[in-house]
*Asks:* 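What follows is a structure written as structure tokens; I'll ask about it next.
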Amino acid sequence: MAQRPYPRVAVTPKAERSLRSGHPWVYFDEITSEEGEHADGHIVDVYSQKSRYLGSGFYNSHSKIRVRLLSFNANDRFDEDFFRRRLTWAVEYRRAVMGRDFSCCRLVFGEADSLPGLTVDRYGDILVTQTMCLGLEQRKDMIFSILIDIFASLGQPLTAIFERNDSALRLKEGLTEGKGFYSHPALRTDLDGETVITENGLKYYVNYMEGQKTGFFLDQKYNRLAVSRIAAGRRVLDCFTHTGAFGMNAVLGGAEHVTSVDISASAIDLSRRNARLNGLEGKMDFLCADVFNLLTEMSKSGASGYDLIILDPPAFTKSNSAVKNAVRGYKEINLKAMRLLPRGGYLATCSCSHFMTDELFRKMLRSAAEDACVSLRQIEARQQSPDHPIHWSIPETDYLKFYIFQVV
């Protein structure tokens, strides 16, 4: 083999097995030796103990994930053409799987698109990015210029790119937190941070400057549509509503009335604005309340008046160590919802935490149903929308569990 231009690191047999299975991370305690000069953010080659080439990726001494692999192909060279191919593949994949929803979707989903630590969400002519990998942070001028070129070639020029790098996860990579418009001659930097998108025929205000994550949860797009299909004539309780999206989809599906609940006053205000934007105010009311307390109060009264309850809570756990507490939280809200629903009522419930595995989530639901003295008749089992692809070699990309049941 010709001499390669990249420094080398050797890894343990355990890391070798993981890499050969397709997982792209090498942890700090899996490196056994390093050869050649390399700085954080540089590309290194990864080898087995027997000098077998395993892949190449970004090195970062600040991170527990010491190397994030970009490629398993020894023929790749990590120049502009390489990143243009990667980004073009990511965009073309969304054009294929999202169809008319391509105008509002996740364009890059990190490791699932072999662009580690990079998130790019599209809201029409606005891109919102999060960069959690030092190597890509150092190359963001090239990455963003390529994205500008790609959309110009599609006849869909971008107006702005906004960086939402206000995540504490960046600190673990030796990066600083911050947010702001990306400066480029082809882009604007004087926008107010709010835009309007269309999803499932409904319009939403998206505050990509201050809203959660990048401003909107795109991964539930088709799960909201699934709820709308069973909502006709029903009285709906939409818990953890955030933007009012599930509730508005229920109204679109013919719900008699929807009550949307969130503990955040700003979320309730946004939900109201979104309902008004779609002319749905007469079919919805909004309640700023703690969902746990609300369900408890309703349970004590013994009658809720709702025959479809939607539970879309935030992730109750972001680590393995907190899973037990998370299971208790998920069980509490699901148990109370099952007790509130009449026989024949419907429950839509989900978890967006990777650490709350599907096996754990199903076990929790069975336990909650037993305690509520009901049975669950499954209507649908769903996951995240395909613009957030699940890479079977990377379990971390499989995170959203979504079930619709009839309670019998």
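None of the values given here were measured: they were computed from a predicted structure.
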*Asks:* Is Arg94 positioned over the aromatic face of Phe102, cation under 6.0 angstrom from the ring centre and no more than 45 degrees off axis?
*Replies:*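 Not satisfied by the 6.0 Å and 45° rule.
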
*Asks:* Do other residues, nucleotides or ligands put more than 12 heavy atoms under 6.0 Å from Arg77 CZ?
*Replies:* yes

*Asks:* Is it true that Lys221 and Glu199 have a side-chain N and a carboxylate O under 4.0 angstrom from each other?
*Replies:* yes

*Asks:* Here's one to test your reading of the geometry: is the NZ or CZ of Arg382 within 45 degrees of the ring axis of Phe402 and under 6.0 Å from its centre?
*Replies:* no

*Asks:* Counting only N and O atoms by type, is there a donor-acceptor contact under 3.5 Å from the side chain of Asp113 to the main-chain atoms of Leu115?
*Replies:* no

*Asks:* Suppose we screen for side chain to side chain contact (heavy atoms under 4.5 Å, CB included). Which residues come up paired with Ile379, at least two apart in sequence or across chains?
*Replies:* Tyr346, Ile404, Gln406

*Asks:* Would you find more than 12 non-hydrogen atoms of other residues, nucleotides or ligands less than 6.0 Å from Lys213 atom NZ?
*Replies:*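 Atom NZ in Lys213 is not crowded, with 12 or fewer foreign heavy atoms closer than 6.0 Å.
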
*Asks:* For Ser353 and Phe355, indicate whether the former's side chain and the latter's backbone hold a donor-acceptor pair under 3.5 Å.
*Replies:* yes

*Asks:* Give a yes or no on whether the backbone of Trp392 and the side-chain of Asp398 come within a donor-acceptor separation of less than 3.5 Å.
*Replies:*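 Absent.
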
*Asks:* What about Phe216 and Tyr204, are their ring centers closer than 6.0 Å?
*Replies:*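 Yes, they do, as the ring centres are separated by less than 6.0 Å.
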
*Asks:* Establish, for the pair Arg68 and Phe58, whether the NZ or CZ atom is under 6.0 angstrom from the six-membered ring centre and no further than 45 degrees off its axis.
*Replies:*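 Cation-pi check for Arg68 and Phe58: fails.
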
*Asks:* Assess whether atom CZ of Arg20 is packed by more than 12 heavy atoms of other residues, nucleotides or ligands within 6.0 Å.
*Replies:* no

*Asks:* Verify ring pair (Phe, Tyr, Trp, His ring centres under 6.0 Å) between Tyr6 and Phe78, making sure each step is shown before the conclusion.
*Replies:* CA-CA 10 Å; Tyr6 307 110; Phe78 304 102; 5.7 Å; yes

*Asks:* Relative to each other, are the rings of Tyr208 and Phe181 parallel, tilted or perpendicular (30° and 60° limits)?
*Replies:*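 Correct class here is perpendicular.
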
*Asks:* Is there a side chain to side chain contact (heavy atoms under 4.5 Å, CB included) between His184 and Ile161? Walk through the geometry before answering.
*Replies:* CA-CA 9 Å; His184 186 279; Ile161 295 176; over 6 Å; no

*Asks:* For Lys283, does its backbone N or O pair with a side-chain atom of His257 as donor and acceptor, under 3.5 Å?
*Replies:*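 At least one qualifying donor-acceptor pair exists.
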
